[in-house]
Amino acid sequence: MPELPDVEVRRRLIQETSLNKEIKKVSVLEKRILGNETTPSILSRELCGSIFLSANRRGKYLLLSTSKKNTLLLHLGMTGDIIFVKKGEEKPKWSRVEFYFANGSCLHYTNMRLIGKVALFKTTNPSSIPDIAKLGPEPLERSFTFKKFEKIVKSHSTTIHQLLMEQELIAGIGNIYSDEIAFQAGVRPDKNTKSLTEEEIRQVYKKMKWVLRVAIELGAELDPYPRRFLIPNRDRKGLCPRDSNKIMKKTIGGRSSYFCPLCQK
DNA sequence: CACTCTGTTAGGTG
DNA sequence: CCACCTAACAGAGT
């Protein structure tokens, strides 16, 4: 489930494993994952012989800058992942693009459903990449203050669930974490932004930061999530971790949202 | 077996 | 501009 915390964890993985190593070969196993202007031959020509200098994240996108002044853009879609494999180790399932390093190790972009993107841009400036330029602010940045959040909330009329997921307003939150934030804030996800009280907006803001930060700290793994999280109970017969009542499922803006009708008002 | 559902987003329609 | 729908794809669940 690649939302902001998941993508951030992948960014750290790349940072720890794949920087400053000579890229020897790029294998594109599935061309359909490539962006419009990107071809296997461009990837080979631009990346072979160069190195990844840095791994950054913007919203749900990964940005790898290279020594030939390119930026590799990765989006994981719904089922994408980043897997680092040492020499001799088995290649992961659904590997779509492979970046082989001189020492035989390999960074794999995997994606079962091919919903996602791998693209190379001839720039070192992320904001010149259209996908990045249109994104809203980073929710975890200190500069994303309550005032700014409140302004976004008050200037749109939609459900809080949809607003949190709107990448052009706030970057990185998807269906799952939107639900978790609404749950932690004690606000029904289908509540309209116009009817939120000042205190509710404050709660959503606070919990947004908290949920994302904690999820990253936990490695964005579902298993050890704190019991007070909604996420592990976010299914058909889930129970509210706060009051053990039945979790309700509702379609909001075309997406399935889960919440506790008792403790989320 | 057939049908429904799924973490995302671009693009089309009315 | 907005709300809503679908496609892209593959697998798990009912």
Side-chain angles (χ1 to χ4, degrees), chain A residues 1-11 28-38 57-63 73-83 92-97 108-119 121 129-136 139 152-153 155-183 189-194 208 211-212 215-216 218-223 225 229-238 247-259:
Chain A
M1 66 156 109
E3 300 182 28
L4 187 154
D6 316 86
V7 178
E8 176 60 22
V9 169
R10 271 55 178 188
R11 184 194 73 74
V28 177
L29 308 179
E30 178 49 82
K31 284 201 290 260
R32 286 176 292 177
I33 201 67
L34 299 183
N36 285 338
E37 317 280 293
T38 305
R57 180 191 58 72
R58 187 74 175 82
K60 300 174 190 172
Y61 290 89
L62 286 167
L63 297 150
L73 180 77
L74 305 174
H75 192 285
L76 300 177
M78 288 170 78
T79 56
D81 205 352
I82 300 292
I83 315 259
K93 220 177 171 188
W94 307 119
S95 182
R96 306 302 196 178
V97 184
H108 291 263
Y109 172 93
T110 72
N111 202 325
M112 179 182 82
R113 286 176 65 184
L114 293 183
I115 302 172
K117 188 189 232 181
V118 174
F121 293 87
I129 298 171
D131 308 64
I132 302 300
K134 66 185 183 194
L135 293 175
I152 292 173
V153 171
S155 59
H156 292 83
S157 178
T158 180
T159 63
I160 187 64
H161 187 253
Q162 288 169 281
L163 180 124
L164 287 171
M165 287 202 298
E166 191 57 62
Q167 302 304 299
E168 298 177 22
L169 300 181
I170 304 163
I173 299 170
N175 204 31
I176 297 235
Y177 285 100
S178 177
D179 269 0
E180 187 65 51
I181 292 162
F183 175 76
D190 57 353
K191 191 156 187 187
N192 191 285
T193 48
K194 292 283 186 196
M208 171 182 74
V211 164
L212 296 176
I216 292 169
L218 294 172
E221 291 294 334
L222 290 174
D223 294 342
Y225 264 116
F229 265 57
L230 170 71
I231 289 176
N233 309 289
R234 196 179 169 286
D235 61 35
R236 205 160 281 277
K237 30 186 133 125
I247 293 297
M248 182 174 171
K249 178 185 179 182
K250 182 178 177 184
T251 301
I252 304 174
R255 308 296 300 281
S256 291
S257 172
Y258 297 80
F259 59 94

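Here is the naming used below: chain letters follow the sequence lines, and residue numbers restart at 1 for every chain.
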What is the separation between atom [atom1] on [X] and atom [atom2] on [N], rounded to the nearest whole Å?
X: A/Asp81; N: B/dT8; atom1: CG; atom2: P; result: 14 Å
X: A/Ile176; N: B/dT8; atom1: CD1; atom2: P; result: 7 Å
X: A/Lys60; N: B/dG7; atom1: NZ; atom2: P; result: 10 Å
X: A/Lys249; N: B/dT4; atom1: NZ; atom2: P; result: 13 Å
X: A/Ile33; N: B/dT9; atom1: CD1; atom2: P; result: 13 Å
X: A/Leu169; N: B/dT9; atom1: CG; atom2: C1'; result: 15 Å
X: A/Leu4; N: B/dT8; atom1: CG; atom2: P; result: 12 Å
X: A/Met78; N: B/dT9; atom1: CE; atom2: P; result: 10 Å

Please determine if a side-chain N or O atom of [X] lies less than 4.0 Å away from the OP1 or OP2 oxygen of [N].
X: A/Ser256; N: B/dT6; result: yes
X: A/Lys117; N: B/dT9; result: no
X: A/His75; N: B/dT9; result: yes
X: A/Arg255; N: B/dT8; result: yes

Taking [M] as the reference, what is the distance to [N] when you measure between their [atom1] atoms (whole Å, please)?
N: B/dT9; M: C/dA12; atom1: C1'; value: 23 Å
N: C/dG11; M: B/dA10; atom1: C1'; value: 23 Å
N: C/dT6; M: B/dT4; atom1: C1'; value: 16 Å
N: B/dA2; M: C/dA8; atom1: C1'; value: 22 Å

Item checked: Beyond-backbone contact of A/Thr38 with A/Val118, side-chain heavy atoms, under 4.5 angstrom ->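 Of all side-chain heavy-atom pairs linking A/Val118 with A/Thr38, none is under 4.5 Å.
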Note to self: Would you say that A/Ile181 contacts A/Ile160 through its side chain, given a criterion of any heavy-atom pair below 4.5 Å between the two side chains?
What the structure shows: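 A/Ile181 vs A/Ile160: side chains apart.
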Next item on the list: Not counting sequence neighbours, list each pair that qualifies as a salt bridge (charged side-chain N to carboxylate O under 4.0 Å, His left out) and has a residue in residues 167-179 of chain A.
Entry: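 Every pair satisfying salt bridge (charged side-chain N to carboxylate O under 4.0 Å, His left out) with a residue in residues 167-179 of chain A: A/Asp179-A/Arg234.
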Margin query: Let me confirm one number: the CD-CD1 distance from A/Glu8 to A/Ile216, rounded to the nearest 0.5 Å.
Written below: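 One finds 5.0 Å between CD of A/Glu8 and CD1 of A/Ile216.
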Next item on the list: Kindly compute the distance separating CD1 (A/Ile129) from CG (A/Leu73), expressed to the nearest 0.5 Å.
Entry: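 So the gap between those two atoms works out to 5.5 Å.
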Next item on the list: Look at all strands and tell whether A/Gly254 reaches a base, only sugar-phosphate, or nothing, counting heavy atoms closer than 4.0 Å.
Entry: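 Here A/Gly254 touches no strand at all.
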Check: Base, sugar-phosphate, or nothing: which does A/Thr159 touch, judged by heavy atoms less than 4.0 Å apart?
Finding: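 The answer is nothing, as A/Thr159 stays clear of every strand by at least 4.0 Å.
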Note to self: What range of DNA chain C does chain A touch, first nucleotide to last, counting atoms under 4.0 Å from its heavy atoms?
What the structure shows: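 Here the contact window of chain A covers C/dA3 to C/dG11.
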Check: Is it the case that more than 12 heavy atoms not belonging to A/Lys194 sit under 6.0 Å from its NZ atom?
Finding: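 For A/Lys194, atom NZ is crowded (more than 12 foreign heavy atoms under 6.0 Å).
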Check: In chain order, what residues pass the ring pair (Phe, Tyr, Trp, His ring centres under 6.0 Å) check against A/His161, with sequence neighbours excluded?
Finding: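 In terms of ring pair (Phe, Tyr, Trp, His ring centres under 6.0 Å), with neighbours along the sequence ignored, A/His161 is linked to no residue.
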Checklist line | For A/Lys249, all residues meeting side-chain contact (heavy atoms from CB on, under 4.5 Å), sequence neighbours excluded | finding: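 If we apply the side-chain contact (heavy atoms from CB on, under 4.5 Å) test to A/Lys249, skipping adjacent residues, the hits are A/Arg236, A/Ser256, A/Tyr258.
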Note to self: With a 3.5 Å cut-off and heavy atoms only, can you find an N or O donor on one side and an acceptor on the other between the side chain of A/Arg113 and the base of B/dT6?
What the structure shows: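 Yes, the side chain and the base share a sub-3.5 Å donor-acceptor pair.
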Whether the side chain of [X] engages the backbone of [Y] through a donor-acceptor N/O pair (distance < 3.5 Å, no angle test) should be reported.
X: A/Ser95; Y: A/His108; answer: no
X: A/Arg11; Y: A/Tyr61; answer: no
X: A/Thr193; Y: A/Thr158; answer: yes
X: A/Glu180; Y: A/Ile231; answer: yes
X: A/Glu3; Y: A/Tyr177; answer: yes

Restricting both atoms to N or O, compile the protein contacts to nucleotides 10-14 of chain B shorter than 3.5 Å, with distance only.
residue: B/dA10; atom: OP1; partner: A/Lys134; partner atom: NZ; Å: 2.6
residue: B/dA10; atom: OP2; partner: A/Lys134; partner atom: NZ; Å: 3.2

Next item on the list: Determine which bases of DNA chain C form Watson-Crick or G-U wobble pairs with both distances under 3.5 Å, and write the result as a 5' to 3' dot-bracket string with | for other-strand partners.
Entry: .|||||||.|||||
